[in-house]
Amino acid sequence: MIDQILELDRRLFVFLNSLGSERFDGFWLLITSQANWIPIFLIFAYLVFKNLGWKHSLLVLVMIALLILITDQTTNLFKNGFQRLRPGSDPDLAHLIRAIVKRKSFSFISGHASNSMAAAMFLFLVMRRHVKYTGFIFLWPLIFAYSRIYLGLHYPLDILCGYIWGIGMAFIVWEIYKHTHQRFFPDEKEFLDDTAHGESVADRQ
């Protein structure tokens, strides 16, 4: 059963990877670089500070840092435990794929997928009561992680399992966040739950 799943995973990867062309390689190389997402991160930070105030926002940033630390390190445990070769390092796929970027590290699970989905899910849980259309934040991990398939660095199963792991870690840190928030900001609970008046926490301070 596992062998069949892995074979389907390889076939899907070959199909998706084959959709690329040299014309778009530069674009996806830009997409896969975390540094190029800094403007998006700054927008997220602005929305958090605007709606929550600086004290609450600092708590959110600390929780995100904790979340990324946990997710990133546990992802490395998966990689070293399963030791799945990246597509570009698999000799059986060498003549079938376009491996634009090659890495010597292992493939399962995708750190890009798990970290980006964890951060997106946590920010969605925090900001959904304050910012309309917060769900658009999930375009970030979807586009970000697809770049890894395009460049030949990850299989679809690496991405999918990374998403699942990232979501799980986000909910764990969300529970820590709620407990911490109630302890240090007990007066803000009603603000977090009430959006009827369209006011942010920062507007009421």
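Keep in mind it's a predicted model, so treat the numbers as computed, not measured. We count residues from 1, following the sequence as given.
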Quick test of your reading: applying salt bridge (charged side-chain N to carboxylate O under 4.0 Å, His left out), list the pairs with at least one residue in residues 82-101, sequence neighbours left out, ordered by first then second residue. D9-R84, D25-R98, R84-D158
With under 30° as parallel and over 60° as perpendicular, where do the rings of [X] and [Y] fit, or are they tilted in between?
{"X": "H56", "Y": "H181", "answer": "tilted"}
{"X": "F108", "Y": "F78", "answer": "perpendicular"}
{"X": "F144", "Y": "H112", "answer": "tilted"}
{"X": "F124", "Y": "F138", "answer": "tilted"}

Quick check for you: to the nearest 0.5 Å, what is the distance between M169 atom CE and I172 atom CD1? 3.5 Å
Rounded to the nearest 0.5 Å, what separates atom OG in S33 from atom CH2 in W28? 14.0 Å
For I31, does its backbone N or O pair with a side-chain atom of N36 as donor and acceptor, under 3.5 Å? no
Backbone of G111 reached by a side-chain donor or acceptor of N115 within 3.5 Å: yes
Please check if the number of heavy atoms outside [X] that lie under 6.0 Å from its [atom1] is greater than 12.
{"X": "F27", "atom1": "CZ", "value": "yes"}
{"X": "E7", "atom1": "CD", "value": "yes"}
{"X": "E175", "atom1": "CD", "value": "yes"}

Using the ring-ring contact (aromatic ring centres under 6.0 Å, His included) criterion, which residues pair with F44? Sequence neighbours excluded. none
Where is the tightest heavy-atom contact between Y163 and A145, given as atom of each residue plus distance? OH-CB, 3.2 Å
Heavy-atom closest pair, residues F171 and L125: CE2-CD1, 4.0 Å
Does the gap between the ring centers of Y177 and F122 come in under 6.0 Å? yes
